[in-house]
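Worksheet for the structure shown next.
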Protein chains: 2
Amino acid sequence: MSGSTRNTRNTRQREVILDVIDAAQGPLPVGRIHERARREVPSLGIATVYRTLKLLLAQERIVAVELPGEETHYEPAGRGHHHHFRCLDCEVWFELTTCLVPHLDGTTLREGFTIEGHYLALYGRCSACAASSITAR
Amino acid sequence: MSGSTRNTRNTRQREVILDVIDAAQGPLPVGRIHERARREVPSLGIATVYRTLKLLLAQERIVAVELPGEETHYEPAGRGHHHHFRCLDCEVWFELTTCLVPHLDGTTLREGFTIEGHYLALYGRCSACAASSITAR
DNA sequence: GTAGATGCAAACGCTTTGCCGCTTA
DNA sequence: TAAGCGGCAAAGCGTTTGCATCTAC
């Protein structure tokens with residue numbers, strides 16, 4: 001009963017947009033979703049992408065991912081609590097499968113702040129880029 | 001020699017904008033800076049705020065703080081590496097003085113990602129709000 | 001006196017909305 | 001066939017830029 005699936009139709013546009021998000025290796029911004037979905041449906045308008053993302057969010061089939069200094073990205077829902085890693089070379093955001101700082105939640109800092117949740121993003125090099133930077137010399 | 005201080009004038013507007021940022025307990029977004037600076041200089045235009053922030057950034061007198069799902073905030077420079085805490089009640093962003101996860105940098109994850117830097121934001125209740133939620137009943 | 005700064009308004013870029021013809025069920 | 005949907009264009013909204021006026025030095 002989560003979200004509005006009532007009176008909702010299955011269209012090629014929605015199918016393609018969800019496919020693009022599901023097939024990605026990490027969260028995608030609106031522009032990239034539009035770009036990739038257009039390969040299948042060239043006439044696809046940007047407004048439809050925005051409306052579809054809003055619908056998919058309401059249906060809890062995707063989640064919005066906020067990344068520091070970047071536009072909102074989107075990824076499939078249901079992957080639980082996890083964080084993201086950005087490669088400084090290829091500039092791709094990857095999804096991590098585990099939480100690196102599970103101990104933080106529930107603790108209270110000296111300043112009196114009680115931590116109920118956290119957000120972590122990592123930066124560095126992915127293995128592919130690290131390898132090519134060695135072979136490149 | 002950091003930034004352009006040459007051919008730069010000291011105006012009341014700039015002085016007030018920097019004062020507002022320095023006096024804040026945490027990073028502020030453009031709108032709030034404008035709002036507070038206007039108390040001193042009512043005619044202050046939003047364009048001047050944007051231009052001044054850009055100048056202060058170039059002079060490395062302030063830094064831009066990216067917070068997940070929020071507009072860019074600004075705080076005084078020179079406070080080193082630290083993170084931010086957002087109170088879910090009063091919705092204020094506070095600055096923390098220490099890094100809670102210094103061990104992350106330099107490590108390589110199983111997936112092959114080499115961590116060179118990290119970004120952490122915390123959510124919860126500040127002591128004032130935690131206290132008032134108790135006395136409120 | 002003059003280069004630089006401000007304030008206003010127009011321009012921009014991204015997101016949302018309105019409208020109407022098209023499509024799914 | 002009808003309600004939902006998509007595409008286009010216009011409207012919003014936050015940020016940037018152009019320009020004429022003002023001001024710090």
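Every chain is numbered from 1, with letters handed out A, B, ... down the list of sequences. It should be emphasised that the depicted structure is a prediction, and the values quoted were computed from it without experimental measurement.
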Under 4.0 Å between a side-chain N or O of B/Asn7 and OP1 or OP2 of C/dG4?
yes
What class does the angle between the rings of B/Phe85 and B/Phe94 fall in, given that below 30° is parallel, 30 to 60° is tilted and above 60° is perpendicular?
tilted
Within a reach of under 6.0 Å around CZ of B/Arg32, are more than 12 heavy atoms found that belong to other residues, nucleotides or ligands?
no
note: B/Glu71, atom CD; C/dG13, atom C1'; distance rounded to Å ~ 16 Å
For atom CD1 of A/Ile17 and atom C1' of D/dG7, their distance in whole Å:
13 Å
In whole Å, I'd like the distance from the CD atom of A/Glu70 to the P atom of C/dC14.
14 Å
Presence of B/Gln13 side-chain N/O under 4.0 Å of C/dG7 phosphate oxygens OP1/OP2
yes
Between B/Ile17 and B/Ala37, which heavy-atom pair has the shortest distance, and what is it?
CG1-CB, 4.2 Å
Can you tell which of C/dG7, D/dG6, C/dA5 lies closest to the side chain of B/Arg9?
C/dA5
Regarding the side chain of A/Ser43, the nearest nucleotide among D/dG7, D/dT17, D/dC25 is D/dG7
When we call it a touch if two heavy atoms are under 4.0 Å apart, what does B/Leu44 touch: a base, just sugar-phosphate, or nothing?
sugar-phosphate
Applying a 4.0 Å non-hydrogen cut-off, can you work out what A/Arg14 is touching in the nucleic acid: base, sugar-phosphate, or nothing?
sugar-phosphate
A/Asn10 side chain N/O closer than 4.0 Å to the phosphate oxygens (OP1, OP2) of C/dT24?
no
Can you see which heavy atom on B/Trp93 is nearest to which on B/His84, and at what distance?
CE3-CB, 3.7 Å
Can a side chain N or O of A/Thr11 be found less than 4.0 Å away from OP1 or OP2 on D/dG6?
yes
What I want to check is whether an N or O donor and acceptor connect the side chain of A/Arg51 with the base of D/dG7 at under 3.5 Å.
yes
Which whole-number value in Å describes the distance from A/Ile46 CD1 to D/dA9 C1'?
15 Å
Between the side chains of B/Glu15 and B/Arg12, is the shortest nitrogen-to-carboxylate-oxygen separation below 4.0 Å, so that they form an ion pair?
yes
A/Leu57 has an atom CG; how far is it from atom P of C/dT16, in whole Å?
10 Å
Give the rounded distance in Å between these two atoms: CG of B/Leu55 and P of D/dA24.
16 Å
Between A/Arg12 and B/Ala47, whichever has its closest DNA chain D nucleotide further toward 5' is A/Arg12
Distance, rounded to the nearest Å, where A/Leu53 contributes CG and D/dG6 contributes C1':
15 Å
